[in-house]
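Written below as structure tokens is the structure these notes are about.
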Amino acid sequence: LGRVGFKARDVADLLTLYGITDHQERATFLAMAQRANQPGWWHRYGDVLPSWFEMYLGLEQACSAIRTYEAQFVPGLLQTEDYARDVVQLRRFQAEDVERGVALRMARQDVLTRSEPPEYWAVLDEAVLRRPLNGRDTVRAQLRHLIAMTEIPNVTIQVVPFHAGGHAAAGGSFTLLRFAEPDLPDIVYLEQLTSALYLEKKHETEDYRLVMERLCLQAESPTSTTSFLNGILKEI
């Protein structure tokens with residue numbers, strides 16, 4: 001269940017039980033077990049990292065595709081530092097905690113530009129782009145950053161405009177994670193105020209996948225999204 005780490009002795013005993021006797025093959029498995037026991041980079045932010053979000057960071061680093069719908073804020077992986085600071089301040093009151101939270105959010109974004117990054121597809125409600133937060137300059141910089149992010153090959157951004165009316169994701173924001181390994185199920189992440197839900201049953205994740213597909217059809221196309229973002233930028 002992934003609740004405890006691997007002990008090298010146990011892995012070696014299991015390899016013997018399974019008849020794996022080749023020295024090089026055994027060494028490969030043992031090295032994998034050792035890497036699995038090493039804490040992720042995010043552990044150094046444990047002082048500002050909620051326990052229920054720690055699992056998500058591990059999944060985010062391991063997945064091959066991320067599809068997300070946001071109804072209130074720009075997704076964390078697409079935020080500028082100033083925008084992230086405004087969002088983090090809504091929940092944290094100590095200045096030191098705010099800066100640590102922002103640093104964690106900025107570190108997460110490396111996943112989009114690493115070698116072999118996941119495919120990232122974000123659908124944003126228009127309200128996300130018009131929410132003023134603490135200043136017009138911050139929102140304008142964030143819009144320019146979103147426009148720049150559309151140029152990254154593995155990043156796709158769409159906007160659901162107000163004139164689209166009601167849409168499929170009436171239940172709120174969600175993220176769908178998919179993995180390269182065929183035996184691993186898709187996972188839907190639903191964040192709440194003080195906790196999160198992780199859905200992995202096929203009938204649940206399939207419902208969210210279909211909602212995402214319908215959202216993408218209702219939203220501005222990826223190619224017209226840049227023009228839409230530029231239009232809002234001129235208005236602000």
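- Members clustered with F162: none, using a 4.5 Å side-chain heavy-atom cutoff among hydrophobic residues.
- Residue pairs that meet the salt bridge (Lys or Arg N to Asp or Glu O under 4.0 Å) test with at least one member in residues 9-19, sequence neighbours left out, do not exist here.
- M55 CE: 12 or fewer foreign heavy atoms inside a 6.0 Å radius.
- Between G76 and R105, the shortest heavy-atom contact is O-CG, 3.8 Å.
- A salt bridge (Lys or Arg N to Asp or Glu O under 4.0 Å) check over residues 215-227, counting only residues at least two apart or in different chains, returns nothing.
- The minimum heavy-atom distance linking E70 with F73 is given by the pair CG-O, 3.0 Å.
- The pair D186-R209 fails the salt-bridge criterion, with no side-chain N (NZ, NE, NH1 or NH2) lying under 4.0 Å from an Asp/Glu carboxylate O.
- For K201, the side-chain contact (heavy atoms from CB on, under 4.5 Å) test picks out H203, E204, with sequence neighbours left out.
- Other members of the hydrophobic cluster containing L199, listed by chain and number, are Y69, W121, V123, V160, F174, L176, V188, L190, L197, Y208, V211, M212, L215; membership follows side-chain contacts under 4.5 Å among ILVMFWY residues, whether direct or relayed.
- Across all non-hydrogen atoms, the minimal contact from Q158 to S221 is NE2-CA, 3.9 Å.
- Look at D137 and R140 and you find no salt bridge, because none of the NZ, NE, NH1 or NH2 atoms lies under 4.0 Å from a carboxylate O.
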Quiz: residues 147-156 side-chain donor-acceptor pairs under 3.5 angstrom, not counting sequence neighbours:
{"residue": "T150", "atom": "OG1", "partner": "I147", "partner atom": "O", "Å": "2.5"}
{"residue": "N154", "atom": "ND2", "partner": "L112", "partner atom": "O", "Å": "3.1"}
{"residue": "N154", "atom": "ND2", "partner": "P118", "partner atom": "O", "Å": "3.1"}

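- Sorted by first and then second residue, the pairs that involve residues 227-236 and meet side chain to side chain donor-acceptor pair (under 3.5 Å), not counting sequence neighbours, are R130-E235.
- Under a 4.5 Å side-chain heavy-atom criterion applied to ILVMFWY residues, the cluster that includes L217 comprises that residue alone.
- Atom OH of Y45 sits in a crowded spot, with more than 12 heavy atoms from other residues, nucleotides or ligands closer than 6.0 Å.
- R85 and T80 share no donor-acceptor pair across their side chains, judged by distance under 3.5 Å alone.
- Listed by first and then second residue, the salt bridge (Lys or Arg N to Asp or Glu O under 4.0 Å) pairs involving residues 49-62 are E60-R108 (not counting sequence neighbours).
- Taking the side-chain contact (heavy atoms from CB on, under 4.5 Å) definition, one finds that L210 meets it with E206, R214, sequence neighbours left out.
- Screening residues 136-160 for ring pair (Phe, Tyr, Trp, His ring centres under 6.0 Å) gives no qualifying pairs among residues at least two apart or on separate chains.
- Remark: Y189 engages Y56, Y198 in a ring pair (Phe, Tyr, Trp, His ring centres under 6.0 Å) (not counting sequence neighbours).
- Under the 4.0 Å criterion applied to side-chain N and carboxylate O atoms, E126 and R131 are not assigned as salt-bridge partners.
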